Trainee: 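Have a look at this one.
Since this is a predicted model, take the numbers as computed values, not measurements.
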Amino acid sequence: MGGPGMTRADVQIRRIAPSEAAEYRTIRLEALQRDPEAFGATFESENAQPLTWFADRLAGSEVLGAYRDLELMGTAALSVRQGAKEAHKGIVWGVYVRLEARRAGVARLLTEAIIQLARSRVELIQLTVALGNEAAHRMYASLGFLEYGTERNALKQNGRYYDEILVAKSLTPKSD
């Protein structure tokens, strides 16, 4: 478990293997249930998927996990856009940290690891932050993500709309 005594030094970041699909499924469903406004997917749709679907997702994407001892405390993923004209961009998705590990720098560690991973693959990374999630917005800004817009009514759940802040970080050196 995390909690107040947990520090960044207690956390190891590594790729989640397809063989760990059951553990990934558990934390992913927890994220969708606990913070539905933060994700485009729904608990209902992913809960209905077989374990092989989660294993395939882990095999086809770069999904990182934050571990304290052997317990998965958080996730973050990177997908490279498809198509010749968009292959220079990566999308950060699935960022989630369990409640007991929050405020210990786990989200920052995961995001820093995603940035490092992305540097060898893409020139720009993008992500969205639910409007009102000030802690996440501040953290991404402190890591050099710049806001470039707001998508109104980006998500709709149970008759309620959620806006998302669009942010991006360039991974190429300045070319002035």
Trainee: What pair of heavy atoms forms the shortest contact from Gly65 to Leu110, and how long is it?
Mentor: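 Where Gly65 meets Leu110 most closely, the heavy atoms are C-CD2, 4.0 Å.
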Trainee: May I ask you to decide if Val80's main-chain N or O and Gln82's side chain share a donor-acceptor pair within less than 3.5 Å?
Mentor: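 Present.
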Trainee: Looking only at heavy atoms, what is the nearest atom pair of Tyr96 and Asp35, with distance?
Mentor: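 That would be CE1-OD2, 3.5 Å.
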Trainee: Hey, mind stepping through Arg28 and Gln49 against side chain to side chain contact (heavy atoms under 4.5 Å, CB included) and telling me if it holds?
Mentor: CA-CA 12 Å; Arg28 176 69 178 169; Gln49 298 296 332; over 6 Å; no
Trainee: So, for Val167 and Glu147, which heavy atoms are closest and what is the spacing to 0.1 Å?
Mentor: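 Heavy atoms of Val167 and Glu147 come nearest at CG1-CA, 3.8 Å.
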Trainee: For a 4.5 angstrom cut-off between non-hydrogen side-chain atoms, does Phe145 reach Val129?
Mentor: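 A side-chain contact under 4.5 Å is absent here.
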Trainee: Which heavy-atom pair separates Ala77 from Ile114 by the least distance, and what is that distance?
Mentor: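 Taking Ala77 first and Ile114 second, the nearest heavy atoms are C-CD1, 3.7 Å.
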Trainee: If you define the side chain from C-beta out and look only at heavy atoms, does anything of Val11 sit under 4.5 Å from Met73?
Mentor: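 Result no, sub-4.5 Å side-chain heavy-atom pair not found.
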Trainee: Work out which heavy atom in Ala41 is nearest to a heavy atom in Leu32; give both atom names and the distance.
Mentor: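 Shortest heavy-atom contact: O-CD2, 3.6 Å.
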Trainee: Grab the two heavy atoms, one from Asn153 and one from Asp163, that are nearest each other, plus how far apart they are.
Mentor: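 So the two residues come closest at N-OD1, 2.7 Å.
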Trainee: Is it the case that more than 12 heavy atoms not belonging to Arg14 sit under 6.0 Å from its CZ atom?
Mentor: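 Yes, the 6.0 Å shell around CZ holds more than 12 heavy atoms from other groups.
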Trainee: May I ask you to decide if Tyr162's main-chain N or O and Glu37's side chain share a donor-acceptor pair within less than 3.5 Å?
Mentor: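 Pair absent, no side-chain N/O of Glu37 close to backbone of Tyr162.
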Trainee: May I ask you to test the Val95-Leu127 pair for a side-chain heavy-atom distance under 4.5 Å?
Mentor: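 Of all side-chain heavy-atom pairs linking Leu127 with Val95, none is under 4.5 Å.
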Trainee: Is there a side chain to side chain contact (heavy atoms under 4.5 Å, CB included) between Val63 and Trp93 once you walk through the steps?
Mentor: CA-CA 9 Å; Val63 183; Trp93 59 272; 4.2 Å; yes
Trainee: Would a distance-only check, ignoring hydrogens and angles, find a side-chain to backbone donor-acceptor pair under 3.5 Å from Arg108 to Leu143?
Mentor: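 Flag not set: sc Arg108 to bb Leu143 has no pair under 3.5 Å.
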Trainee: Are the side chain of Arg25 and the backbone of Trp53 linked by a donor-acceptor contact shorter than 3.5 Å?
Mentor: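 No; zero donor-acceptor contacts below 3.5 Å.
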